[in-house]
Every structure is written in structure tokens, then in C-alpha cells.
Engineer: 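First the structure, then my questions, so here it is.
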Amino acid sequence: MIKKFDKKDEEAGSGSNPFQHLEKSAVLQEARIFNETPINPRRCLHILTKIIYLLNQGEHFGTTEATEAFFAMTRLFQSNDQTLRRMCYLTIKEMANISEDVIIVTSSLTKDMTGKEDVYRGPAIRALCRITDTTMLQAIERYMKQAIVDKVPSVSSSALVSSLHMVKMSYDVVKRWVNEAQEAASSDNIMVQYHALGLLYHLRKNDRLAVSKMLNKFTKSGLKSPFAYCMLIRIASKLLEETEGGHDSPLFDFIESCLRNKHEMVVYEAASAIVHMPNCTARELAPAVSVLQLFCSSPKAALRYAAVRTLNKVAMKHPSAVTACNLDLENLITDSNRSIATLAITTLLKTGSESSVDRLMKQISSFVSEISDEFKVVVVQAISALCQKYPRKHSVMMNFLSNMLRDDGGFEYKRAIVDCIISIIEDNPESKETGLAHLCEFIEDCEHTVLATKILHLLGKEGPRTPSPSKYIRFIFNRVVLESEAVRAAAVSALAKFGAQNDDLLPSVLVLMQRCMMDSDDEVRDRATFYMNVLQQKQKALNAAYIFNGLSVSIPGLEKSLHQYTLEPSEKPFDMKTVPLATAPITEQKTEIAPVATSKLPEKLAPSRQDIYQEQLAAIPEFQALGPLFKSSEPVQLTEAETEYVVRCIKHTFVGHMVFQFDCTNTLNDQLLQRVLVQMEPSEAYEVVQHVAAQSLPYSQPGSCYTLVRLPEDDPTAVSCTFSCAMKYLVRDCDPNTGEPDDDGYDDEYVLEDLEVTVADHIQKVLKPNFSAAWEEVGDEFEKEETFALASVRTLDEAVGNIISFLGMQPCERSDKVPENKNSHILFLAGVFRGGHDVLVRARLALADGVTMQVTVRSVDENVVDVILASVG
Amino acid sequence: MGLLDKLAGWLGLKKKDVNVLCLGLDNSGKTSIINQLKPSNAQAQDIVPTIGFNIEKFKTSSLSFTVFDMSGQGRYRNLWEHYYKEGQAIIFVIDSSDKLRMVVAKEELDTLLNHPDIKHRRIPILFFANKMDLRDALSSVKVSQLLCLENIKDKPWHICASNAVQGEGLQEGVDWLQDQIKTMRT
């Protein structure tokens with residue numbers, strides 16, 4: 001009868017889904033036949049299927065109707081039809097959370113789970129555990145213990161897995177079943193053993209010692225089940241990672257010994273565990289890589305895939321270790337499975353020598369159109385990595401990338417290619433022109449607004465500085481004619497940059513601008529009008545400020561300041577300098593380091609860390625008169641990591657003051673600290689004005705106290721200072737368990753490490769995309785120049801790093817990267833000094849015995865120039 | 001229903017199915033009574049408090065009984081009513097040694113009899129005054145007085161003393177029930 005039903009079902013399913021147009025109310029109506037006697041198993045089965053289908057489609061069942069259907073279903077326990085009974089178990093599990101009083105079936109299920117029918121026992125256990133809550137668990141505990149050690153594997157497995165689910169709910173009860181689980185772990189059945197091990201581990205996973213004891217025991221006694229071995233390997237590698245155990249630990253030996261296991265599954269798991277271990281040396285990798293190499297020639301596609309995928313990962317970190325497998329990987333290039341072939345090629349690209357690149361690229365382009373986008377991205381990433389390794393091969397890569405760019409593909413794929421091309425252009429000045437040409441061609445037919453605007457921005461930045469800028473104008477103006485608003489606006493901005501930089505193009509650009517001023521979109525028109533007027537002035541300084549370098553303030557900050565300004569009518573014009581600056585454009589640096597790490601960039605308008613601080617500080621009445629927050633430093637630790645109290649300090653710089661925010665954490669559970677403040681003793685003419693104490697500091701809840709310091713006004717060059725700090729507070733002992741404090745306490749003091757204020761705290765990083773324009777804009781009114789010898793520094797890289805971190809300024813024009821094999825370098829730094837004065841630094845570095853540095857500083861304020869030079873010297 | 005089943009039905013070979021509810025307070029011996037009525041090879045060794053309900057089957061000379069053995073614990077008693085509709089007879093078990101809770105039993109019985117699903121149906125009720133072997137057990141007459149059984153006018157009822165552990169008195173009750181059901185059918 002069952003078979004007939006299945007067949008019928010299948011036939012119906014071939015045409016369309018027989019359950020497609022089910023009505024919940026109709027199904028529930030049908031469910032009334034559950035109440036009829038005698039029971040018709042076939043019809044009931046069909047209705048139960050419908051109910052479960054509806055539940056799985058996300059149909060909402062009200063509590064009343066669900067309960068009614070559930071109780072009707074309980075009557076089906078009368079029938080001895082096996083299929084129907086098992087369907088009942090499924091229904092119970094599905095409805096456990098939506099129906100009331102599901103415990104009504106407890107006894108019926110207990111009867112089935114202890115009964116003679118083995119077919120019923122496993123499923124009954126699973127259903128029973130689903131409807132049992134903590135209070136009821138005790139009642140079935142006895143049965144569960146029996147079931148765990150039952151000799152029927154399906155029953156034992158069901159009980160173990162159900163117990164695992166219940167660990168989350170009632171850990172203490174399940175913990176009492178450890179002995180039974182222990183017994184099951186020595187079962188002959190591979191699944192039972194695996195499940196038992198899983199339960200044992202989850203019961204102990206919070207206790208590292210117990211886990212390691214368990215591992216010890218099982219690694220010695222050995223297991224039958226390959227699944228259990230895989231699990232052991234995972235537990236062991238996790239434990240190794242947590243304890244940061246060296247590779248001489250017995251756990252590592254165990255994992256390594258698994259490489260010689262007779263099951264492929266275990267061998268792979270062990271190899272993968274070794275490969276993924278942090279700080280693994282080549283010697284330890286070798287055996288793992290060699291088993292993966294063996295798998296590469298396995299007849300099983302799954303094994304080949306696993307092996308090559310793992311090798312691909314290893315190749316990122318240890319390309320040399322994988323070189324040994326090159327021959328096997330070569331064979332996989334022609335594998336009929338495209339996923340395997342792609343992974344093999346990308347691995348080879350990472351490990352292969354420069355000479356093989358051409359051949360591999362040819363091979364991959366033969367089937368690149370057949371693989372999915374996801375793998376294409378993998379290929380692009382491999383190419384991008386390759387370009388960094390072999391810069392000379394950029395022409396081959398660029399050709400290949402432009403071909404890929406022409407093919408169809410999704411956004412992620414195109415973005416990966418564009419990012420890759422951009423990173424090649426940035427790393428390789430020689431490839432700039434070809435790269436830009438490819439990108440120009442791409443935007444001619446590009447449906448992704450984001451990519452088009454990105455490329456237009458790049459064209460505006462790089463185009464004017466190429467030998468023949470005029471050829472890009474056509475591509476850009478085409479966009480103005482053909483594309484959507486956002487792209488048109490970006491194109492207008494790019495055009496303006498050409499006009500500002502190239503005097504001979506200016507007349508033509510002005511004509512084009514004129515046309516853009518008739519655009520139908522407001523934004524495009526506004527931009528065109530604005531740029532038109534700026535360009536017509538023909539002043540370098542204006543061009544620099546309004547076309548190249550744009551605004552450097554934080555957008556949410558600007559919005560807030562403007563809002564504030566409109567609320568308080570005043571005669572004074574709005575001052576841009578009161579707006580907090582955008583914290584250094586970190587995103588730009590990120591893209592430089594990992595060009596194709598296609599991670600999502602932070603949302604544009606999310607308030608930055610500094611905006612959050614600004615808000616927090618503004619909420620404290622004592623600090624409201626200080627004006628806008630200029631800069632917040634990174635937190636500085638003032639205590640060792642594992643002391644009684646952990647204190648870190650964040651330095652907030654305002655125009656004439658500094659606020660030190662001390663984030664304190666009390667790690668003693670028997671103490672409550674009250675009225676916590678940090679006493680500061682300055683070494684220079686700084687004046688401590690006020691303390692704002694943290695009222696109470698209970699165990700492990702961080703609190704903040706603040707100290708306000710006035711900067712010396714009469715001596716603007718005193719920018720650095722050392723403070724000796726001590727935390728003062730009232731201690732009240734308390735009960736570690738309840739946190740109830742004693743009535744009286746005593747004053748105490750805790751000495752912290754010294755805190756330094758340096759010149760970097762007074763300067764905010766600002767990126768000037770066009771440094772030379774900015775340099776001209778500031779002018780040489782307060783220019784000063786001095787030469788220093790840095791005796792202790794050996795390389796240019798080191799010198800550049802030191803200068804940047806000391807001054808806390810933003811390197812521009814990618815001048816923080818020193819080209820290899822050069823003896824001299826020019827570093828450009830830009831920043832804004834406290835008070836809103838732009839400051840630019842040009843440092844010419846020459847490598848001789850040590851490093852000689854000629855520093856030129858320009859600023860709009862003389863004091864600032866002096867400060868910088870004084871602090872460098 | 002297969003053809004054979006129908007044939008057996010016509011010939012009177014097949015026993016008629018009848019659904020019975022087994023109710024009563026906790027620890028009164030419902031599960032024990034049902035267990036005792038089952039064929040000896042299907043009997044369970046140890047009886048534990050029922051949670052929810054159990055479905056059991058047993059046969060007499062002319063009927064096949066399907067019993068809904070309900071849990072008697074206080075918090076599950078409100079679940080009884082879900083099964084009132086299909087009960088064609090009721091077995092109500094009383095612990096005759098538990099004088100203290102006799103009023104509770106009466107209260108539950110009254111609620112049962114006044115339930116709309118039961119009130120207007122003429123279904124037979126069999127009372128077992130269980131645990132008669134205990135020394136301080138009340139007689140069946142005394143129990144029927146305490147429960148005011150004489151007030152039940154519209155339904156056939158019968159009370160008999162029983163001892164579920166030994167099985168005494170059970171057959172007498174079940175025979176009565178079987179007769180009642182047969183007369184109702186015809």
C-alpha cells in the first residue's frame with residue numbers, strides 16, 4: 001500500500017508540486033478524519049504530510065488551531081501502521097513549539113522508546129527529547145540512560161544526539177549521563193562511537209583540562225570510527241590553538257600520526273588541520289603536503305577537489321611548500337572537473353616560476369568562460385597576487401584582465417577585476433597608460449554605477465598627469481552624454497581636474513563644462529557651475545583647495561555643526577575650522593594593502609570613532625565649553641595586561657585643552673571601587689584643571705573617568721609633555737558572589753605608568769590627493785628648512801616609518817612606499833595642526849652611512865612650522 | 001479496509017472496535033488495571049506514573065477495546081476533555097483507601113458529567129473501587145455513597161470493588177461494560 005502511494009506521489013510530482021496550492025484552513029478541516037474510527041492510515045498519512053509541508057513553507061499556525069490539530073493527531077497512536085507512526089513523530093517534532101500541552105504524548109513516546117519495535121525506538125527518543133523541558137527531563141532520565149547504552153545502534157545514536165541537543169537546555173542533568181556516554185564511546189558501531197565522542201566533548205568543552213584528559217585517553221586507546229577520529233583531530237587542533245602549544249606537544253604528534261590512518265577521511269582531516277595551524281613551519285607542513293599530493297592523483301573527484309583546494313590555501317602562506325606538488329597540479333589542469341582545474345591553475349600561479357606564467361594564463365583563458373563567477377574571482381585574486389610578485393609580467397596580466405573584463409559577469413566579478421587593474425596601475429607606473437586605456441574601454445559599456453564612478457574618479461586623479469591627457473577627455477565626456485546622474489556627476493568632477501591641471505586643455509574643458517550646465521540633473525548642473533567658476537579664476541590655490549583636494553572634514557560632524565549654527569543665530573560667518581576633521585582615510589590604506597580583498601567598505605555615513613567620542617564628551621557638562629573635538633588618539637595601556645585594575649587612556653585634543661579619558665576595569669571580584677579618578681603630575685607648563693571621577697566601578701564593568709588639562713597658551717611650542725599618573729579611589733570590600741559591598745571603605749592609590757603627550761597628538765592626518773597643488777596653495781610665506789642626520793636608522797623604509805609615526809601625519813602621493821634599490825626618496829606628509837592650520841612636510845631622504853634628511857615645512861601659521869621643526873630636532 | 005476484513009465483518013468473525021476512556025485521580029491504579037486486562041504476554045513489568053496518556057488495546061469475548069489511559073496528575077486533568085468526544089464508554093477508577101481525596105474524585109467526576117461532550121450522551125460508566133485489598137479500604141457501597149453515584153440518572157453505571165495487582169474484580173466490571181455496549185448497539 002505504501003509503495004503504491006509513493007508511486008502515485010512521484011507521478012504527480014513529475015508534472016508539478018502536488019502540494020502547491022494548499023490552503024491551511026482546508027488542511028486543518030481535513031485533519032478531522034483523525035478523529036474517525038477506524039483509522040484510515042493512508043489518508044491520515046497524506047494529511048500529516050500536508051501539515052508538515054505547510055509548516056515548512058513558513059505558514060503560521062495559531063496556537064489554538066495548532067493545539068487542536070496536535071490533539072487530533074495524538075489519536076493516531078491507536079494505529080499500528082509503521083509509516084503513520086513515524087509520520088506522527090515528525091509532526092510532534094514540528095509542532096513542539098507551536099502547540100500547547102505537547103507533553104500529552106510523553107507516555108506514549110516513552111512506551112515506544114522502551115518497546116520491542118526497534119523501528120519506533122530511535123525516532124521516539126528524538127521526538128520525546130524535543131517536547132521535554134528541564135522540569136520533565138528528570139522523569140525520563142532513567143530511560144535516556146538505558147537508551148544511550150542500548151545495543152541497537154540507531155537507538156543509542158538517537159539518544160546520544162538528543163542528549164547533545166539537551167545539553168544547551170539542561171546541562172546539569174545531561175552531565176550525569178557521562179558514564180553511559182563513556183560506555184557508548186567504546187561501541188563497535190562507528191556512528192555510535194562518533195556521537196558518543198561528540199556528547200562527551202560538549203559536556204567538557206568548557207574545562208580545558210578535562211578535554212585534554214579525554215583526548216589523551218582516546219588517542220591512547222584508539223578508536224574504530226573514522227568520524228570519531230576526524231572529530232578528535234578537530235578537538236585536538238582547537239586545543240592546540242587555545243593553549244598555543246608548540247609543535248612538540250603530544251597533541252601535534254597525534255595529529256601527525258593520523259596522517260598514516262587507513263581511512264582517507266581521517267588522513268585528509270589531519271592534513272587540513274596541520275595546514276591550517278598558525279605558525280606552522282615548512283618541516284611540519286611537508287608530511288601533510290605530501291599526503292595531499294597523493295590525493296591529487298586519486299580517482300575520486302571529491303578527494304582531488306579537497307586536496308587541491310587545501311593546497312591552494314597553503315600556497316598563499318607557504319608557496320615553497322607546495323612547489324613539490326607542481327607536477328601533480330599540472331596534471332589536474334586538464335581535469336574534466338572545472339572547479340578542480342581552476343583551483344589547480346590558481347595554485348600553480350602562486351607557486352610557479354615567472355617563466356610558466358604565460359603558459360598558465362593561456363591554459364586558463366581557454367576555459368575561463370566555462371567556470372562560474374565565484375571561481376573567476378578566485379582566478380582574478382590569484383592574478384592580482386601574481387602581479388605583486390612579478391611586476392614585469394604586467395602586460396600579460398593586463399591583456400588577460402581586459403579580456404575578462406569584456407566577458408559577461410556579475411558585479412562581484414567585475415569589481416574584482418577593476419580593483420585588480422587599479423592595484424596594478426598603482427604599483428606599476430609603467431602600466432598606467434595601458435591600464436587606464438582598458439578601464440576607459442570598460443566604462444564605455446558598464447552597467448554598474450559604482451564601478452563607473454570609481455573609474456572616473458581614478459581617471460580624474462591619474463589622467464591629467466599622463467603624457468597625453470587629451471585622449472581621456474573623449475571617454476569622460478561620453479559618459480556625460482550617455483549615463484545616469486551619478487555617473488554624469490562623477491564625469492564632471494573628473495573633467496574639472498583635467499582643466500585645472502593642464503592649461504592647454506582648459507579652454508576645451510570650459511566649453512564642455514558650459515554644456516554640462518544645461519544638464520537635466522541638479523547635482524550635475526551644480527557641479528558644472530561650481531567648477532566652471534573656479535576654473536575661470538585661473539588661480540592655482542583655488543584649484544588646489546576646491547578641485548583637487550576637496551573637503552577633509554567628517555561628514556556627520558559637518559552636518560551637526562551646520563545644524564548647530566542654524567539653531568544659534570550669530571553675526572559671524574560659519575567657520576569651517578570648527579568642524580572636526582575626518583579621521584584619517586583608513587579605507588584608502590586598506591585597499592592599498594589588500595587590493596582585491598573585496599570586503600565591504602564601511603558604510604559611508606556611519607559615524608566614525610571620533611564622532612562617537614565627540615558625542616560622549618559633549619554629554620559631560622564640564623567639557624561643554626571646550627569647543628569641537630580635534631583629535632582622539634588610539635588607546636594607550638597604562639597597566640600590565642593581567643593586573644588588579646586595567647587602565648587605558650585615550651587622549652582627546654581640543655583647541656586649547658586636552659581631555660584624558662581613562663577607561664578603567666576592576667578585575668577583583670571582591671572589591672567595589674568608588675569615586676575613581678586619576679591624578680596627573682605634568683612635567684611641563686601644562687595645568688591640570690579638573691577631574692571628573694567615575695562614581696562606582698563594580699567588578700568587570702568598565703567605567704571612565706576624565707582629567708582636563710589646559711595647554712600652555714604663552715608657549716605654543718610646548719607640545720610634548722610627560723605626566724606621571726596615579727589612580728585614587730575608595731575601596732569597599734564586597735562578597736564575591738552577591739556583589740553586596742561592606743558599609744565602610746578606605747582610600748587607596750594605584751600607581752600607573754607614565755603618559756606621554758607628543759607632537760602627533762596635536763596633528764590630525766589629512767589626505768591631500770594632489771600634494772603639489774596643496775603645497776603651492778599654502779605658499780612659502782612661512783617655509784622653513786633644516787637638515788638632520790638620522791644616525792640610528794639603517795634603511796629608508798625604517799626612516800619613513802619612523803617619521804610618519806612620530807609626526808602622526810598622512811603620507812600623500814603613495815610616498816610612504818620606498819621603491820626598491822634606491823638611495824634617495826621624497827616623503828610627502830600632510831596634516832592639520834590643532835587650531836585648524838594646514839601643515840605640509842616634505843622630507844628628502846638620502847641613504848649614505850645613516851640616513852640624511854632634509855625637512856621642509858610649510859604652514860599657514862609660523863608657530864606650527866617652528867613646533868614641527870623643534871620636535872623633529 | 002481490505003475485502004477480507006469486510007468479509008470477516010459480515011460473518012461476525014471480526015470483533016467490534018470500541019473506544020474507552022480510563023479516568024481517575026493519580027495513583028488510583030488506572031494503568032495497572034489496563035495492564036492487567038491485556039494478554040499476559042503483553043503486560044508491562046513495572047508501572048510508572050503516566051505523563052499525558054497511553055493508548056492500550058485488549059480484547060474480550062466479543063469486543064476489541066481501545067483504551068485511552070489518561071494521566072491522573074492534577075496538572076494533566078484538564079487535558080482529558082480533548083478525548084471526551086470519541087469515548088464510547090468510561091472507566092473511572094477510585095482509590096478506595098484514599099478517603100482524604102474522595103471529595104477531589106467527586107469533584108472531577110462532577111466536572112466530567114457536566115461537560116457538554118458527555119452530558120447529553122447515554123454512555124455507560126464503569127467505576128472501579130480499586131485497592132480493595134488494603135485494610136483501610138472502603139467498601140464499594142460506601143464509595144458510591146461518597147461520590148453520590150445515585151444521582152446519575154441518565155447514564156447506565158456500575159461499581160465494583162477491584163484489586164488491580166491481583167486482577168480480582170476486573171472481569172466482572174468488564175463483562176458488565178461489554179453487555180452495556182452491546183445493548184446500546186442493538
Side-chain angles (χ1 to χ4, degrees), chain A residues 1 32-43 64 66-81 84-85 88 92 99-117 120 124 127-128 131-133 135-143 146, chain B residues 1-3 5-6 8-9 14-22 26 30-31 34-35 38 41-58 63-89 117 181 185:
Chain A
M1 202 194 299
R32 296 212 173 147
I33 69 153
F34 295 165
N35 293 334
E36 281 169 16
T37 34
I39 285 167
N40 179 341
R42 219 184 104 184
R43 284 184 62 196
T64 333
T67 311
E68 197 175 311
F70 185 83
F71 273 89
M73 185 273 300
T74 59
R75 290 172 178 86
L76 302 181
F77 272 90
Q78 290 175 59
S79 164
N80 280 327
D81 186 283
L84 183 61
R85 181 69 62 87
C88 285
I92 292 171
S99 163
E100 279 176 341
D101 295 318
V102 284
I103 40 94
I104 188 85
V105 285
T106 305
S107 266
S108 309
L109 290 172
T110 333
K111 196 175 128 202
D112 283 351
M113 94 183 237
T114 51
K116 291 192 186 73
E117 287 266 23
Y120 289 164
L128 182 60
I131 59 163
T132 303
D133 58 15
T135 49
M136 300 290 299
L137 191 55
Q138 312 244 358
I140 61 161
E141 187 176 358
R142 190 165 61 101
Y143 302 113
Q146 281 169 6
Chain B
M1 291 279 112
L3 185 66
D5 287 348
K6 278 187 186 154
K14 178 152 171 75
K15 293 175 179 170
K16 275 180 188 145
D17 276 321
V18 55
N19 283 346
V20 181
L21 294 179
C22 185
D26 48 313
K30 296 176 293 302
T31 309
I34 305 301
N35 191 46
K38 287 197 288 186
N41 58 356
Q43 283 177 11
Q45 289 311 311
D46 51 344
I47 307 289
V48 293
T50 308
I51 303 168
F53 76 109
N54 265 329
I55 294 181
E56 302 286 358
K57 289 181 181 179
F58 64 88
L63 286 175
S64 167
F65 284 91
T66 301
V67 187
F68 287 76
D69 173 17
M70 306 299 299
S71 169
Q73 291 176 36
R75 56 184 164 150
Y76 303 130
R77 277 178 220 153
N78 58 334
L79 301 177
W80 290 354
E81 60 183 22
H82 287 283
Y83 299 89
Y84 285 168
K85 265 205 186 93
E86 65 250 61
Q88 288 156 300
D117 286 345
I181 292 170
R185 289 258 169 124

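Letters A, B, ... are given to chains in the order of the sequence lines, protein chains preceding strands, and every chain is numbered from 1. FYI, side chains are in, hydrogens and waters are out, and symmetry mates aren't considered; it's all heavy atoms of this structure.
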Engineer: Checking B:N19 against chain A: side chain, backbone, both or neither under 4.5 Å from a heavy atom?
Structural biologist: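 The side chain, not the backbone.
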Engineer: Give, for atom CZ of B:F53 and atom OG of A:S108, the distance between the pair rounded to the nearest 0.5 Å.
Structural biologist: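 If I round to the nearest 0.5 Å, the distance is 4.0 Å.
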Engineer: At a heavy-atom separation under 4.5 Å, does B:T50 approach chain A through its side chain, its backbone, both, or neither?
Structural biologist: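 The answer is both parts of B:T50.
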Engineer: With a 4.5 angstrom heavy-atom cut-off, is it the side chain or the backbone of A:T110 that approaches chain B, or both, or neither?
Structural biologist: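 No part of A:T110 comes within 4.5 Å of chain B.
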Engineer: Name the region of A:A72, side chain, backbone, both or neither, that has any atom closer than 4.5 Å to a heavy atom of chain B.
Structural biologist: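 Neither part; nothing is under 4.5 Å.
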Engineer: What are the two closest non-hydrogen atoms of B:I51 and A:A139, and how far apart are they?
Structural biologist: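 Heavy atoms only, the tightest pair is CD1-CB, 3.9 Å.
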Engineer: Look at the rings of A:F71 and B:H82 and say which category their plane angle falls in: under 30° parallel, 30 to 60° tilted, over 60° perpendicular.
Structural biologist: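 It falls in the parallel class, under 30°.
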Engineer: Could you look at B:Y83 and say if it's the side chain, the backbone, both or neither that has a heavy atom under 4.5 Å from chain A?
Structural biologist: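 For B:Y83, heavy atoms of backbone and side chain both lie under 4.5 Å from chain A.
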Engineer: Could you measure the distance from the CG atom of A:D101 to the CG atom of B:N78? Nearest 0.5 Å is fine.
Structural biologist: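 Output value for this atom pair is 6.0 Å.
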Engineer: Do other residues, nucleotides or ligands put more than 12 heavy atoms under 6.0 Å from the CD atom of A:E68?
Structural biologist: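 Counting neighbours around CD of A:E68, 12 or fewer heavy atoms of other residues, nucleotides or ligands fall under 6.0 Å, so no.
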Engineer: Is the backbone N or O of B:I55 less than 3.5 Å from a side-chain atom of A:K111, with the two atoms forming a donor-acceptor pair by type?
Structural biologist: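 Judged by distance alone, yes, a pair lies under 3.5 Å.
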Engineer: Which bit of B:Y76 comes within less than 4.5 Å of chain A, counting heavy atoms only: side chain, backbone, both or neither?
Structural biologist: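 Just its side chain gets close to chain A.
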Engineer: Given heavy-atom pairs under 4.5 angstrom as the criterion, report whether the side chain, backbone, both or neither of B:K85 touches chain A.
Structural biologist: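 Neither part, no heavy atoms under 4.5 Å.
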Engineer: What's the spacing between B:E86 CD and A:Q78 CD if we round to 0.5 Å?
Structural biologist: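 Rounded to the nearest 0.5 Å, the CD-CD separation comes out at 7.0 Å.
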Engineer: Taking all non-hydrogen atoms of both residues into account, name the closest pair between A:S107 and B:P49 and its distance.
Structural biologist: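 For A:S107 versus B:P49, the nearest heavy atoms are OG-O, 4.4 Å.
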